[in-house]
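All values below come from the heavy atoms of this structure, side chains included, with hydrogens, waters and symmetry mates left out. Reminder, nothing fancy here: chain letters follow the sequence lines and each chain counts from 1.
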Amino acid sequence: MDCRQVTFSPEKSRERTHKALQVFPRKLLMRVLAFALHLLGANRKEVAALVEMPEESVKTLLRVVLRDGFSALRDRRLSATPPIAVAPPSPTQIIVSHGHEGWIVEFGTQGETLNIPATHRIQARTVVLSLLNAGALTLSQSASVLGICDAHCRELARKLASHDVADALVDKREGQKQDFRVGPEQKAELIQQLAARAITGHDTSSEVLAEQVNEQTEAGVSARTIRWHIRHLGLSDIRQSLPQLVETLKKTPTDRG
DNA sequence: TCGATGTTAGTTCTGCCAAT
DNA sequence: ATTGGCAGAACTAACATCGA
């Protein structure tokens with residue numbers, strides 16, 4: 001669908017969105033809009049910015065909607081029943097609040113405060129969960145101020161009770177840990193082919209190397225991937241240096257005489 | 001507490017295309 | 001002809017939430 005000639009009015013959008021929010025939960029409405037913008041051809045990054053969602057959430061949304069259809073537009077983890085009202089927290093001597101600036105911990109009798117910037121999430125968790133473990137805050141107060149569910153809050157507090165902050169609270173995600181197409185066998189073949197061809201003066205272009213690696217290992221990788229690995233293995237320059245090194249070594253007596 | 005599901009952060013892979 | 005930057009897809013694993 002070509003929308004380039006369509007005029008979009010920010011005023012009308014504000015008006016209509018406001019009206020729609022009387023009926024739709026904000027999150028659901030944003031998910032519907034994200035999917036519609038995607039269908040109309042908008043760039044995913046721009047879609048994410050427009051609906052104020054992380055780009056990765058938009059990615060996940062599009063994947064599940066295209067797989068499961070309309071039902072996937074709502075967060076299926078959410079219960080259909082309305083939330084149960086939570087009893088007000090019991091008064092404590094320490095009060096923790098969370099705003100745009102960060103967290104404020106009020107304690108003592110003279111109104112002393114500890115300010116934790118919004119960017120210091122681990123510090124906030126350390127303080128709040130320590131107070132929870134010490135019995136100075138309730139579970140629901142702690143979970144609410146940290147913006148996590150009670151069950152997860154309980155789990156983090158339990159971990160912090162038996163582990164240091166680095167083990168209990170620091171995010172350890174590292175992403176994909178191993179290559180899934182170019183493994184040790186393919187790398188060995190790549191290095192072998194590149195070295196042998198560089199020394200003998202044969203073609204060392206990524207096209208040829210990809211052909212050889214695929215032939216020997218049935219990897220099915222592209223020339224671009226071969227170039228990517230050549231660069232990340234630090235092999236980009238050995239095409240020039242390796243033949244010179246071999247010539248030098250030929251003229252030098254071997255260690256064994 | 002646990003399994004299912006969604007989210008997030010990171011790496012690898014690949015097509016496109018400008019630069020060399 | 002070949003390389004390498006860029007963007008986005010594909011993938012992995014940890015984090016987080018939810019309901020039973």
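Distance, A:Arg231 CZ to B:dC13 C1': 16 Å, rounded to whole Å. Computed from coordinates, the A:Ile148 CD1 to B:dT7 C1' distance equals 15 Å when rounded to whole Å. Put simply, CZ on A:Arg181 is 15 Å from C1' on B:dT11, counting in whole angstrom units. Between the P atom of C:dG4 and the NE2 atom of A:His229 lies a distance of 15 Å, rounded to the nearest Å. B:dG3 atom P lies 13 Å from atom CD of A:Glu155, rounded to whole Å. The interatomic distance linking A:Ile230 (CD1) with B:dT14 (P) rounds to 14 Å, in whole Å. Atom CD1 in A:Ile122 sits about 15 Å away from atom C1' in C:dA16, given to the nearest Å. Atom pair A:Trp228:CH2 and B:dT11:C1' shows a separation of 7 Å (rounding to whole Å applied).
Side-chain contact annotation: A:Arg231 with A:Ser236, donor-acceptor N/O pair under 3.5 Å absent. With 3.5 Å as the limit, one finds no donor-acceptor pair spanning the side chains of A:Gln244 and A:Ser241.
The backbone N or O of A:Val145 lies less than 3.5 Å from a partner atom in the side chain of A:Trp103, making a donor-acceptor pair. The backbone N or O of A:Leu139 sits nowhere less than 3.5 Å from a side-chain atom of A:Arg154 that would complete a donor-acceptor pair.
No path of Ile, Leu, Val, Met, Phe, Trp and Tyr side chains, each step under 4.5 Å between heavy atoms, connects A:Val208 with A:Leu194, placing them in separate hydrophobic clusters. A single hydrophobic cluster is not seen to contain both A:Ile104 and A:Val128; linkage of ILVMFWY side chains at heavy-atom distances under 4.5 Å, directly or through other members, places them apart.
Of the residues in residues 191-225 of chain A, those lying under 4.0 Å from DNA chain C by heavy-atom distance are A:Asp203, A:Ser205, A:Ser206, A:Arg224.
Within 4.0 Å (heavy atoms only), A:Arg239 reaches sugar-phosphate atoms of the nucleic acid but no base atom.
Map A:Arg154 and A:His232 each onto its nearest nucleotide of DNA chain B; the residue landing nearer the 5' end is A:Arg154. Where A:Arg227 and A:Cys153 meet DNA chain C, the nucleotide closest to each residue was compared, and A:Arg227 sits on the side nearer the 5' end.
Surrounding CD of A:Gln240 are more than 12 heavy atoms belonging to other residues, nucleotides or ligands, all under 6.0 Å away.
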